[in-house]
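The figures here come from the full heavy-atom set of this structure, side chains too, leaving out hydrogens, waters and symmetry mates. By convention here, the first residue in the shown sequence is residue 1. Both counts, for ligands and for their atoms, begin at 1 and track the order of listing.
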Amino acid sequence: MKTINFSKINLSDEPPVREPERQYYFIAKAREYVREQAEKAGHPLTFCVVTFGCQMNARDSEKLAGILEQIGYREEADEGKADFVIYNTCTVRENANQRVYGRLGQLNRVKKKNPHMLIGLCGCMMQEPEVVEKLKKSYRFVDLIFGTHNIYKFAELIATRLESGRMVIDIWKDTDKIVEDLPAERKYSFKSGVNIMFGCNNFCSYCIVPYVRGRERSRNPHDIIREIEELVADGVVEVMLLGQNVNSYGKNLEQPMSFAQLLREIEKIDGLKRIRFMTSHPKDLSDELIEVMGSSEKICRHLHLPIQSGSSRILEKMNRRYTKEHYLELVEKIRSSVPDISLTTDIIVGFPGETEEDFQETLDVVRKVRYDSAFTFIYSKRTGTPAAIMEDQVPESVVKDRFDRLLKEVQSISGEVCSVYTNTIQDVLVETVNDHDAALVTGRMSNNLLVHFPGGEDLIGKIVSVELKECRGFYYIGDMIKK
Ligand code: SAH
Ligand code: SF4
Ligand code: F3S
């Protein structure tokens with residue numbers, strides 16, 4: 001984003017109609033309010049954004065933080081101390097929702113002691129009408145509620161709240177709009193998520209995401225490239241391209257373009273060292289993409305390829321549009337093109353109608369593919385999705401038993417798979433000082449595994465060579481090689 005001088009914006013003018021200029025106007029306006037309030041309070045006002053859910057939400061939270069900083073708030077890590085707390089919510093599984101309600105109750109107690117405090121709620125959960133009804137009825141202390149389609153309007157919504165003093169609710173059902181050039185405040189200086197598309201059109205029968213994130217929209221490739229170039233100029237060496245199904249990128253652009261073509265363009269950006277992406281849907285994973293991954297210098301040796309179930313019968317009921325055999329063929333193709341690739345996946349246990357035989361098919365895939373790691377989920381019924389009204393919902397005790405057996409299998413395999421790099425030397429991007437031991441730093445290899453090794457803060461953001469000495473389950477202990 002280019003630097004904007006907000007103090008030059010004339011607030012006695014009408015707000016512009018065009019975006020992002022309209023939001024710049026409201027940032028300037030909200031700044032005035034926040035400046036006055038900070039003067040009264042005698043200290044700068046602070047904010048805390050709490051993120052639930054996936055990488056998309058994490059990136060959205062960076063955009064919220066960017067806008068709040070421009071408005072004049074300072075970041076505060078402790079939500080109990082902040083003047084403005086925002087929960088960016090997730091609703092992919094029921095337990096994610098329950099956590100939000102629980103934490104809101106606690107936050108209300110904090111607000112009672114600090115009446116000037118503001119509480120905002122946004123993200124996927126807010127796209128569900130029942131949730132907003134419940135909040136309106138029983139959580140009147142919330143100040144601001146908005147959804148996934150209008151987070152770019154955050155500054156305008158804050159200005160409205162500060163002006164009116166009332167609860168502001170703005171939820172859109174869907175949008176075809178993508179607003180570029182708004183501020184974002186990155187969590188890491190050296191890596192960043194980059195949205196390449198929004199929404200999802202796949203309607204897997206268990207999944208609520210298409211209902212809360214709307215229809216698939218791809219960003220223009222020039223905007224993506226420009227954003228990455230700006231990030232690189234600002235110190236970023238690794239990007240994570242984000243979309244619910246990156247493999248269908250570009251299909252609906254005025255000038256259609258494949259994901260593989262986009263990757264080729266991004267590869268050319270000077271100074272960018274690593275490219276990651278999430279998530280790949282097996283049904284759209286093309287030979288062209290496999291070829292690009294095989295020949296690329298920058299695309300990381302990691303592919304997250306959610307299988308969900310190993311049973312073709314269940315996959316059909318899930319509306320995943322591939323079979324077990326197709327998936328296994330894909331894995332073979334990828335491994336022959338990129339031999340050292342690390343494969344990870346998502347698996348759901350207990351989808352309606354899942355029998356022991358179906359479950360055995362899932363275990364069979366896990367044993368055949370030998371994933372580096374797998375996220376395993378207990379099926380959660382989401383109201384409004386086709387699977388929620390399917391017959392034969394599997395009893396809880398059966399699901400729990402399958403889940404435990406799956407987890408055991410996954411963990412014992414990944415322990416074996418991860419240790420194969422012992423005594424090799426790998427390039428590692430240093431991310432943080434180690435949480436438990438300040439004499440160590442933690443870095444990430446191309447294949448997404450972590451390694452801890454002696455080093456200082458000055459290494460953060462650098463790519464260094466590390467000899468992997470010892471594998472401890474899912475991470476390594478190593479030593480940096482001085483070149
Ligand atoms: N777009 C991605 C996944 C996004 S949701 C993809 O298609 O791969 C992340 C994961 O949550 C999914 O892969 C799935 O395993 C899990 N998930 C989604 N809906 C779920 C539900 N109703 N119950 C349990 N797990 C679910
Ligand atoms: Fe959900 Fe399927 Fe879309 Fe992934 S591809 S977000 S699982 S509907
Ligand atoms: Fe959750 Fe929304 Fe992501 S439902 S998983 S935060 S797209």
Side-chain angles (χ1 to χ4, degrees), residues 49-61 64 87-97 99-100 121-128 131 147-149 151 193 195-217 241-249 277-285 303-310 314-315 317-322 327 330 343-352 354 362 371 373-390 393-394 396 399-400 402-403 406 410:
V49 181
V50 182
T51 312
F52 300 83
C54 65
Q55 307 263 1
M56 303 270 176
N57 258 20
R59 182 62 182 154
D60 284 350
S61 289
L64 299 173
Y87 286 171
N88 189 5
T89 62
C90 169
T91 186
V92 77
R93 286 169 290 274
E94 180 62 29
N95 55 5
N97 287 33
R99 274 171 57 208
V100 169
L121 292 173
C122 63
C124 296
M125 220 176 126
M126 300 305 124
Q127 293 296 136
E128 294 181 278
V131 170
T148 55
H149 303 304
I151 70 159
N195 298 105
I196 62 166
M197 55 204 302
F198 301 95
C200 181
N201 284 355
N202 288 316
F203 290 95
C204 302
S205 64
Y206 50 82
C207 183
I208 200 162
V209 171
Y211 304 88
V212 295
R213 285 273 170 177
R215 293 296 62 73
E216 195 173 287
R217 304 168 308 281
L241 309 175
L242 299 172
Q244 291 301 351
N245 177 10
V246 291
N247 296 338
S248 72
Y249 171 80
F277 50 83
M278 260 189 101
T279 303
S280 278
H281 194 305
K283 82 176 163 64
D284 298 313
L285 189 108
L303 182 67
H304 185 63
L305 195 62
I307 180 150
Q308 314 298 3
S309 167
I314 294 292
L315 285 169
K317 288 178 72 181
M318 286 178 161
N319 193 28
R320 288 290 287 182
R321 286 172 276 175
Y322 53 84
Y327 185 95
L330 274 179
L343 288 173
T344 58
T345 200
D346 292 347
I347 300 169
I348 298 176
V349 185
F351 183 84
E354 183 188 76
T362 300
Y371 294 104
S373 73
F375 296 99
T376 49
F377 303 108
I378 286 183
Y379 166 72
S380 170
K381 193 168 166 176
R382 307 314 286 131
T383 310
T385 62
I389 47 170
M390 284 181 188
Q393 303 277 335
V394 185
E396 216 178 297
V399 180
K400 186 80 191 55
R402 285 181 196 160
F403 182 84
L406 176 65
V410 161

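Note: an N/O pair closer than 3.5 Å links Arg93 and ligand 1 by distance alone. For ligand 1, the polar-atom distance check finds an N/O of Gln244 within less than 3.5 Å of one of the ligand's N/O atoms. Between Arg382 and ligand 1, no pair of N/O atoms sits closer than 3.5 Å. Geometrically, ligand 1 and His281 share no nitrogen or oxygen pair separated by less than 3.5 Å. Distances between N or O atoms of Gln308 and those of ligand 1 include at least one value under 3.5 Å.
The nearest heavy-atom contact from the protein to atom 5 (S) of ligand 2 is Asn202 ND2, 3.3 Å. Protein heavy atom closest to atom 3 (Fe) of ligand 3, with residue, atom name and distance, is Cys54 SG, 2.3 Å. Of the protein's heavy atoms, Ser380 N, 2.9 Å lies nearest to atom 23 (N) of ligand 1. Counting protein heavy atoms only, atom 7 (O) of ligand 1 is closest to Arg320 NH1, 3.4 Å.
The parts of Cys204 lying near ligand 2 are both backbone and side chain, judged by heavy-atom distances below 4.0 Å. Contact annotation for Asn245 and ligand 2: no heavy atom of the residue comes within less than 4.0 Å of the ligand. Residue contacts with ligand 2 for Pro210 involve side-chain atoms from C-beta outward but no N, CA, C or O (heavy atoms, distance under 4.0 Å). Residue contacts with ligand 1, taken as heavy atom pairs separated by less than 4.0 Å, involve Tyr206 via backbone and side-chain atoms alike. Counting heavy atoms under 4.0 Å from ligand 1, residue Asn202 does not touch it at all. Of all the heavy atoms of Tyr206, the ones lying under 4.0 Å from any atom of ligand 2 belong exclusively to the side chain. Under 4.0 Å from ligand 1, the heavy atoms of Pro306 that appear belong solely to its side chain. Neither the backbone nor the side chain of Arg213 has any atom closer than 4.0 Å to an atom of ligand 2 (non-hydrogen atoms only).
The heavy-atom pair separating Glu216 from Asn201 by the smallest distance is N-OD1, 2.9 Å. Looking at every heavy atom in both residues, Gln127 comes nearest to Gly147 through OE1-CA, 3.0 Å. Shortest non-hydrogen contact noted between Phe351 and Val394 is O-CG2, 3.5 Å.
Not a single heavy atom of Asn245 sits less than 4.0 Å from an atom of ligand 1. For Val209, the closest heavy-atom approach to ligand 1 does not fall below 4.0 Å. At least one heavy atom of Gln244 sits less than 4.0 Å from an atom of ligand 3. Using a 4.0 angstrom heavy-atom cutoff, Ile378 counts as in contact with ligand 1. In this structure, Met56 has no heavy atom closer than 4.0 Å to ligand 3.
Put simply, Cys124 gets within reach of atom 2 (Fe) of ligand 3, with an N, O or S atom under 2.8 Å from it. At least one N/O/S atom of Cys207, whether from backbone or side chain, sits less than 2.8 Å from atom 1 (Fe) of ligand 2.
Asn202 and Asn319 share no side-chain donor-acceptor pair at under 3.5 Å. Side-chain atoms of His304 and Thr344 form a donor-acceptor pair, as typed in the model, at a separation below 3.5 Å.
By the 4.5 Å heavy-atom criterion applied to side chains, Gln244 and Met56 are counted as neighbours.
Atoms of ligand 3 found under 4.0 Å from any heavy atom of Asn57, numbered from 1 in the order shown, are 6 (S). Taking a cut-off of under 4.0 Å to the non-hydrogen atoms of Cys90, the atoms of ligand 3 that pass are 1 (Fe), 4 (S), 5 (S), 6 (S).
Between Lys317 and Glu354 no salt bridge is recorded (no basic side-chain N to carboxylate O distance below 4.0 Å).
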Please assess Asn97 against Glu128 for the test side-chain contact (heavy atoms from CB on, under 4.5 Å), listing each intermediate value before the final yes or no. CA-CA 11 Å; Asn97 287 33; Glu128 294 181 278; 3.7 Å; yes

Step by step, work out the ring-ring contact (aromatic ring centres under 6.0 Å, His included) result for Phe403 and Phe377. CA-CA 8 Å; Phe403 182 84; Phe377 303 108; 8.6 Å; no

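In this structure, Tyr87 has its ring center under 6.0 Å from that of Phe52.
In this structure, Thr51 contributes its side chain and Ser61 its backbone to no donor-acceptor pair below 3.5 Å. Using modelled atom types, no side-chain atom of Arg93 and backbone atom of Thr91 make a donor-acceptor pair closer than 3.5 Å.
Within a 6.0 Å radius of CZ in Phe375, other residues, nucleotides and ligands contribute 12 heavy atoms or fewer.
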